[in-house]
**Q** 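Before we start, here is the structure in question, set down as structure tokens.
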Amino acid sequence: MSINDQSDSEYFSSNPVQYRKRLDGQFYETQCEELALSLLGKVLVRHLDDGTIVRGRIVETESYLGHEDAASISYKGKVTPRNEPVFMKPGTAFVYMTYGMYHCFNISSKGDGASVFLRSIEPLDNLNAMASLRKQFKKSTKTVIANKDLCNGPAKLCISFAIDIKSCNKQDLTTWDRMWVEEDENSRLIDTIVCSPRIGIKCEKKWQDKFLRYYIRDNPCVSKIEKTKMKELKYSQIENIK
DNA sequence: GTAGTGATTGCCT
DNA sequence: GGCAATCACTACG
């Protein structure tokens with residue numbers, strides 16, 4: 001099913017919502033690249049201050065490997081007040097500000113300063129609440145936001161899920177009552193994963209070119225489709241997927 | 001549809 | 001003082 005076959009509203013009204021189980025500490029106790037792959041298809045849940053619960057499927061992630069990785073915030077083992085959460089227990093939220101006005105959301109993994117960066121989410125529940133948050137952030141409210149565009153970027157998903165440093169940084173996603181990730185049967189139905197270089201990083205070429213970005217092929221909510229520098233993996237054949 | 005550019009702030013050198 | 005794991009607006013075709 002793709003956005004080309006159906007209108008934006010038809011696609012999102014047909015998204016099934018099912019009972020799901022919160023992912024535990026054992027799930028996050030995983031090397032960075034495996035966790036980034038395992039998180040694809042899982043469901044991010046967030047309790048907003050007004051009691052609304054928003055949900056969305058994780059469809060695009062990136063790995064930042066830490067010490068060895070020139071694009072990582074903890075490259076060469078550098079520890080600062082800002083990057084502290086990537087050294088904390090796997091499953092800890094790491095939120096930071098970029099370009100002076102946007103937030104980015106990561107989840108710490110196993111490994112030396114390693115974390116998984118969430119780039120895109122497919123909205124599932126309470127899309128109106130997400131749209132409302134996005135509109136508040138914009139200067140002009142003239143343009144309508146399509147459902148597929150609510151969370152199709154790292155800063156957009158932070159706005160739609162009300163993720164900021166003050167409320168979410170350093171929170172433990174295995175125990176916190178305001179945000180967590182859920183298992184979902186549909187993640188087992190993923191057909192193909194696309195691997196590509198990471199977006200928007202500037203560092204030595206060796207690390208810039210590594211295929212550390214992953215997304216669900218044909219999902220309409222992925223932020224950027226890579227046409228050349230990519231390889232495809234059959235999801236069912238990837239090892240160590242949780 | 002894409003290309004170019006301004007916004008805006010806290011952290012790190 | 002430089003700049004960042006980005007986005008939205010404008011212009012143009």
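Order of the sequence lines fixes the chain letters, A, B, ..., with proteins taken first and strands second; residue numbering starts at 1 for each chain.
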**Q** Against A:His47, only a single residue in A:Phe161, A:Trp176, A:Trp180 fulfils ring-ring contact (aromatic ring centres under 6.0 Å, His included); can you say which?
**A**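 Among the candidates, only A:Trp180 passes.
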**Q** Decide side chain to side chain donor-acceptor pair (under 3.5 Å) for A:Arg213 and A:Ser196; before the verdict, give the C-alpha distance in whole Å, the side-chain angles of both, and the deciding distance to 0.1 Å.
**A** CA-CA 5 Å; A:Arg213 171 176 176 245; A:Ser196 82; 3.1 Å; yes
**Q** Nearest to the side chain of A:Arg82, which nucleotide is it out of B:dC11, B:dA7, C:dA5?
**A**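 Output: B:dC11.
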**Q** Indicate, with a heavy-atom threshold strictly under 4.0 Å, whether A:Arg198 touches base, sugar-phosphate, or nothing.
**A**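 Touches nothing.
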**Q** To the nearest angstrom, how far is A:Leu65 atom CG from C:dA5 atom P?
**A**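 Rounded to whole Å, this separation is 15 Å.
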**Q** Measure from CE on A:Met97 to P on B:dA7 and round the result to the nearest Å.
**A**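 It is 17 Å, rounded to the nearest whole Å.
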**Q** Can a donor-acceptor pair be found, under 3.5 Å and without considering hydrogens, that links the side chain of A:Asp112 to the backbone of A:His67?
**A**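 Not confirmed, A:Asp112 side chain does not pair with A:His67 backbone.
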**Q** Distance between the C1' atoms of B:dG10 and C:dA8, in whole angstroms?
**A**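 It works out to 22 Å between them.
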**Q** Counting only heavy atoms not in A:Lys242, do more than 12 sit closer than 6.0 Å to its NZ atom?
**A**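 Yes.
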**Q** Roughly how far, to the nearest 0.5 Å, is the CD1 atom of A:Ile107 from the OH atom of A:Tyr28?
**A**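 Rounded to the nearest 0.5 Å, the OH-CD1 separation comes to 5.0 Å.
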**Q** Quick one: is C:dA8 close enough that its OP1 or OP2 comes under 4.0 Å of any side-chain N or O from A:Arg134?
**A**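 Looking at the OP1 and OP2 atoms of C:dA8, one of them is under 4.0 Å from a side-chain N or O of A:Arg134.
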**Q** Counting only side-chain N and O atoms of A:Arg119, is one of them less than 4.0 Å from OP1 or OP2 of C:dT6?
**A**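 Checking C:dT6 against A:Arg119, a side-chain N or O does come within under 4.0 Å of OP1 or OP2.
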**Q** Any side-chain N or O of A:Lys78 less than 4.0 Å from the OP1 or OP2 oxygen of B:dT13?
**A**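 A:Lys78 to B:dT13 OP1/OP2: side-chain N or O found under 4.0 Å.
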**Q** Does the base of C:dA5 carry an N or O that pairs as donor and acceptor with the side chain of A:Tyr96 under 3.5 Å?
**A**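 Pair found.
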**Q** Would you mind reading off the distance between A:Tyr214 atom OH and C:dA5 atom C1', rounded to a whole angstrom?
**A**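 Distance, rounded to whole Å: 14 Å.
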**Q** Which stems does DNA chain B form, counting runs of 3 or more consecutive Watson-Crick or G-U wobble pairs with both distances under 3.5 Å?
**A**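 Expected stems, ordered by start: B:1-7 with C:6-12, B:9-12 with C:1-4.
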**Q** Between atom NZ in A:Lys156 and atom P in C:dA5, what is the gap in whole Å?
**A**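 Whole-Å distance recorded here is 18 Å.
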**Q** Quickly work out the A:Tyr75 OH to C:dA5 P distance and round it to whole Å.
**A**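 Taking atom P of C:dA5 as the reference, OH of A:Tyr75 is at 15 Å.
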**Q** Tell me whether the ring of A:Tyr64 lies stacked over the C:dA5 base, given a 5.5 Å limit on centroids and a 30° limit on the plane angle.
**A**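 Yes, A:Tyr64 stacks on the base of C:dA5.
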**Q** For the backbone of A:Asn128 and the side chain of A:Ser132, can you confirm whether one donor and one acceptor N or O come within less than 3.5 Å of each other?
**A**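 The answer is no, because no donor-acceptor pair under 3.5 Å joins these two groups.
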**Q** Quick check on DNA chain C: between A:Ser223 and A:Lys202, whose nearest nucleotide comes earlier from the 5' end?
**A**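 Closer to the 5' end of DNA chain C: A:Lys202.
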**Q** For A:Gln26, look at atom CD and say whether over 12 heavy atoms of other residues, nucleotides or ligands are found less than 6.0 Å away.
**A**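 Atom CD in A:Gln26 is not packed in, count stays at 12 or less.
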**Q** What nucleotide among B:dT8, C:dT6, C:dA5 has an atom nearest to a side-chain atom of A:Met101?
**A**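 That would be B:dT8.
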**Q** Check the distance between B:dT5's P and A:Tyr99's OH and give it to me in whole angstrom.
**A**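 A:Tyr99 atom OH is separated from B:dT5 atom P by 15 Å.
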**Q** Do side-chain atoms of A:Ser38 reach the backbone of A:Glu34 as a donor and acceptor pair under 3.5 angstrom?
**A**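 Between the backbone of A:Glu34 and the side chain of A:Ser38 there is a qualifying donor-acceptor contact (under 3.5 Å).
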**Q** How close or far is atom P of C:dC9 from atom OH of A:Tyr102, stated in whole angstroms?
**A**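 Result: 9 Å.
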**Q** Quickly work out the A:Leu157 CG to C:dC7 P distance and round it to whole Å.
**A**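 Distance check: A:Leu157 CG to C:dC7 P gives 8 Å.
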**Q** In terms of side-chain heavy atoms of A:Phe117, which of C:dT6, B:dC12, C:dA5 is nearest?
**A**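 Taking heavy atoms from C-beta onward, the closest nucleotide is C:dA5.
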